[in-house]
Amino acid sequence: MSLFKILDVAASGLAAQNVRLNLTASNLANADAVSSSVGGTYRARHPVFAAVYEAAALEADGAPGATGVGVTVTDVLESKEPLKADYHPEHPLADERGYVYRPNVNTVEELANMISASRSYETNVEVINTSKQLLLRTLSLGQ
Amino acid sequence: MAATLQNPLGIHEQALLVRERRAELLAQNLANADTPGYKARDMDFRSALAAAEGQRGAGTLRTTQARHIAGGAGVDGAGGAEVLYRTPSQPSIDGNTVEMETERGAFLENSLRYQASLQFLGSRLRTLTTALKGE
């Protein structure tokens, strides 16, 4: 029954979008976490998505076959954007030159990311619900 | 194909299997909507159903030795259908060709047609039951 495989595929989508939402929450929560050194400052983290092909689903020439393509988070990368250095000599965390370092979190970008992730999450939930209904109706076939 | 006593369920059994395969492909597209470089895929329902029908009509060859040539187009029922890549109307910069609206629309349409096939199958089964009871 490939309807059961749909549940697996959609669940992998839910898991991946969940990681993305989690990282967005972490970025937003730490957006104002200042620090006194470049190395100790929080950097924005983003997930890397990749399609997962089942080994059995690959055709002879290595092209993806018809079945079993879920999604997974292969890596979480820290943003390479430069940190923001603010001159606040009175700040308790300021270094000897009077600077504090702010995370390179782009709040607007993170919010847009959050909306996109929640939309994708909703779509996968919808797919699961529809498949469940189809499965239940198939089970009651002939009754 | 009309329903006969040899083939009481008609084409609907194959149609249901092909609908199921298509639903799986569309669900994969939706799950990978944010995967860079993922290419959306779909199948041509008409040719997939024709392939599934032809395969069943011709009968599949059974191989008993490793050197035998496998007969038929595919290995399992509707799985032999050719899977095609979708042409995006608005390609994105990360190489992903999934368009959420198109895929959602196709998934909805496919699930409705799946339910239609289920209804047809159900009524065929009821007809059979009536014929068997002979009341």
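Per chain, numbering begins at 1; letters A, B, ... match sequence-line order.
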Minimum heavy-atom distance between A:Val71 and B:Ala31, given as atom pair plus value
CG1-O, 3.5 Å
Do you know which two heavy atoms are closest between A:Ile6 and B:Ala27, and how far apart they sit?
CG2-CB, 3.5 Å
Is there side-chain contact between [X] and [Y], with heavy atoms separated by less than 4.5 Å?
X: A:Glu126; Y: B:Arg104; answer: yes
X: A:Gln133; Y: B:Ser111; answer: no
X: A:Val69; Y: B:Tyr38; answer: yes

Spacing of CG belonging to B:Leu112 relative to OG1 belonging to A:Thr130, to within rounding of 0.5 Å
9.5 Å
Hey, could you give me the CG/CD1 distance between B:Leu30 and A:Ile128, rounded to the nearest 0.5 Å?
11.5 Å
Determine, stepwise, if the pair B:Glu20 / A:Leu134 fulfils side-chain contact (heavy atoms from CB on, under 4.5 Å).
CA-CA 10 Å; B:Glu20 210 177 304; A:Leu134 293 183; over 6 Å; no
Highest number of heavy-atom pairs under 4.5 Å with chain B: which of A:Asn124, A:Thr72, A:Thr123?
A:Thr123
Go through A:Ser131, A:Ala10, A:Ser140, A:Ser120 and name the one with the most non-hydrogen pairs under 4.5 angstrom from chain B.
A:Ser120
So B:Tyr114 and A:Thr138, side-chain contact (heavy atoms from CB on, under 4.5 Å) or not? Walk me through it.
CA-CA 10 Å; B:Tyr114 181 93; A:Thr138 315; 2.9 Å; yes
Of all of B:Lys39, B:Arg126, B:Gln115, which one pairs up most often with chain A through heavy atoms under 4.5 Å apart?
B:Gln115
Side chain, backbone, both or neither: which part of B:Gln119 has an atom under 4.5 Å from a heavy atom of chain A?
side chain
